[in-house]
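Below, all heavy atoms of this structure are taken into account, side chains as well, without hydrogens, waters or symmetry copies. This is a predicted model, so every value here is computed, not measured.
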Amino acid sequence: MRKIWRIVFPPLVWLVVIYLLVEIFGVVISYTAADDMLAFAKKDPSEFIWWFLMTYIGFIVTSVGILYGAHRLLHLRGNYELPLGVLSLITVFTTLTTLMIQFTGLNIPKTFLVLTLVNILLSVALTTTSKLLKWQRRREIRIKKQK
């Protein structure tokens, strides 16, 4: 029974992590990309910035906690450097494209805005989690050397 649990447990944890991240993305995107919020951003940009800052901080803390917790729970080694490299390329493209479209005065398609937002939020969450995992690994190595 214990052997089966060791095989089944990691995929279950990652399924829960993926589900939670998708739900968190859904909430952030539904609030941010909603027509009411976009109208709110046009009407009162400074108030929208504060609102989005609180949403952003909540997302980062929650998603990094989930990713870091899953990594530590499963006693995994390594970090997210390879996915971050690929994601960074996509993020730079979507961000620069969004800025260029905005600079020309045209409207950004809502789906592209959502894609850009997801790329940026996921990049920040993975970068922060990766850095925390590196710091944790260095700390563990120092503790082992002291013993």
Side-chain angles (χ1 to χ4, degrees), residues 5-144:
W5 182 246
R6 285 184 183 177
I7 294 170
V8 173
F9 186 65
L12 286 176
V13 169
W14 285 113
L15 283 174
V16 169
V17 167
I18 291 169
Y19 172 77
L20 290 173
L21 289 177
V22 166
E23 287 296 314
I24 293 169
F25 275 127
V27 169
V28 171
I29 289 167
S30 68
Y31 284 132
T32 306
D35 290 335
D36 293 342
M37 272 303 153
L38 296 176
F40 174 56
K42 284 182 181 179
K43 180 182 172 192
D44 193 355
S46 61
E47 192 68 30
F48 177 78
I49 290 170
W50 281 111
W51 175 86
F52 189 72
L53 175 66
M54 294 302 127
T55 304
Y56 176 78
I57 290 170
F59 170 80
I60 294 302
V61 168
T62 305
S63 61
V64 168
I66 290 169
L67 287 169
Y68 184 78
H71 216 83
R72 298 296 294 168
L73 179 68
L74 297 174
H75 305 290
L76 299 175
R77 296 286 178 210
N79 50 42
Y80 297 104
E81 293 300 321
L82 181 62
L84 271 172
V86 174
L87 190 60
S88 292
L89 294 172
I90 296 168
T91 302
V92 167
F93 168 75
T94 58
T95 304
L96 289 176
T97 305
T98 302
L99 288 172
M100 287 189 284
I101 291 171
Q102 185 65 34
F103 183 72
T104 62
L106 298 173
N107 289 331
I108 301 165
K110 194 181 286 189
T111 53
F112 198 75
L113 178 64
V114 168
L115 176 65
T116 303
L117 185 63
V118 166
N119 285 335
I120 292 170
L121 291 175
L122 189 57
S123 286
V124 171
L126 287 176
T127 301
T128 306
T129 304
S130 189
K131 194 65 170 171
L132 286 173
L133 291 169
K134 285 180 183 178
W135 289 341
Q136 180 65 32
R137 182 73 181 134
R138 279 193 217 141
R139 184 173 164 263
E140 288 172 356
I141 290 172
R142 269 196 312 246
I143 290 172
K144 284 182 183 177

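- With sequence neighbours excluded, the residues that form a side chain to side chain contact (heavy atoms under 4.5 Å, CB included) with T95 are T91, L99, T116, I120.
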Show me the donor-acceptor pairs, under 3.5 Å and distance only, between side chains in residues 46-67 and residues at least two apart or in other chains.
unit_1	atom_1	unit_2	atom_2	d
S46	OG	D44	OD1	3.3
T55	OG1	W51	O	3.0
T62	OG1	G58	O	2.7
S63	OG	F59	O	2.8
S63	OG	I60	O	3.4

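- Atom-to-atom distance recorded for I108:CD1 and L115:CG is 12.0 Å, nearest 0.5 angstrom.
- In plain terms, the two heavy atoms of L84 and S123 that are nearest each other are CD2-O, 3.7 Å.
- Checked against salt bridge (Lys or Arg N to Asp or Glu O under 4.0 Å), E81 has the following partners two or more places apart in sequence or in another chain: K134.
- Counting heavy atoms from C-beta on, the side chains of L133 and H71 come closer than 4.5 Å.
- Residue-environment remark: CZ (F93) stays at or below the threshold of 12 foreign heavy atoms within 6.0 Å.
- Every residue two or more places apart in sequence or in another chain that forms a side chain to side chain donor-acceptor pair (under 3.5 Å) with K110 is listed here: D35.
- With sequence neighbours excluded, the residues forming a side chain to side chain contact (heavy atoms under 4.5 Å, CB included) with P10 are L74, listed by chain and number.
- For residues 52-67, the set of pairs meeting the salt bridge (Lys or Arg N to Asp or Glu O under 4.0 Å) definition, not counting sequence neighbours, is empty.
- Within the structure, salt bridge (Lys or Arg N to Asp or Glu O under 4.0 Å) pairs that include any residue of residues 84-98 do not occur (at least two apart or interchain).
- To the nearest 0.5 angstrom, M100 atom CE is 9.0 Å from T98 atom OG1.
- Residues passing the side chain to side chain contact (heavy atoms under 4.5 Å, CB included) test with R142, sequence neighbours excluded: R139.
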Can you give the donor-acceptor pairs under 3.5 Å from side chains of residues 12-25 to other protein atoms, not counting sequence neighbours?
none

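- Note that CG of L126 is 6.5 Å distant from CG of L87, once rounded to the nearest 0.5 Å.
- For Q102, the CD atom is loosely surrounded, since the number of other residues' heavy atoms within 6.0 Å does not exceed 12.
- Applying the salt bridge (Lys or Arg N to Asp or Glu O under 4.0 Å) test to residues at least two apart or on different chains, the pairs with a partner in residues 62-74 are R72-E140.
- Among residues at least two apart or in separate chains, there is no salt bridge (Lys or Arg N to Asp or Glu O under 4.0 Å) pair with a member in residues 83-104.
- With sequence neighbours left out, I90 forms a side chain to side chain contact (heavy atoms under 4.5 Å, CB included) with V86, T94, N119.
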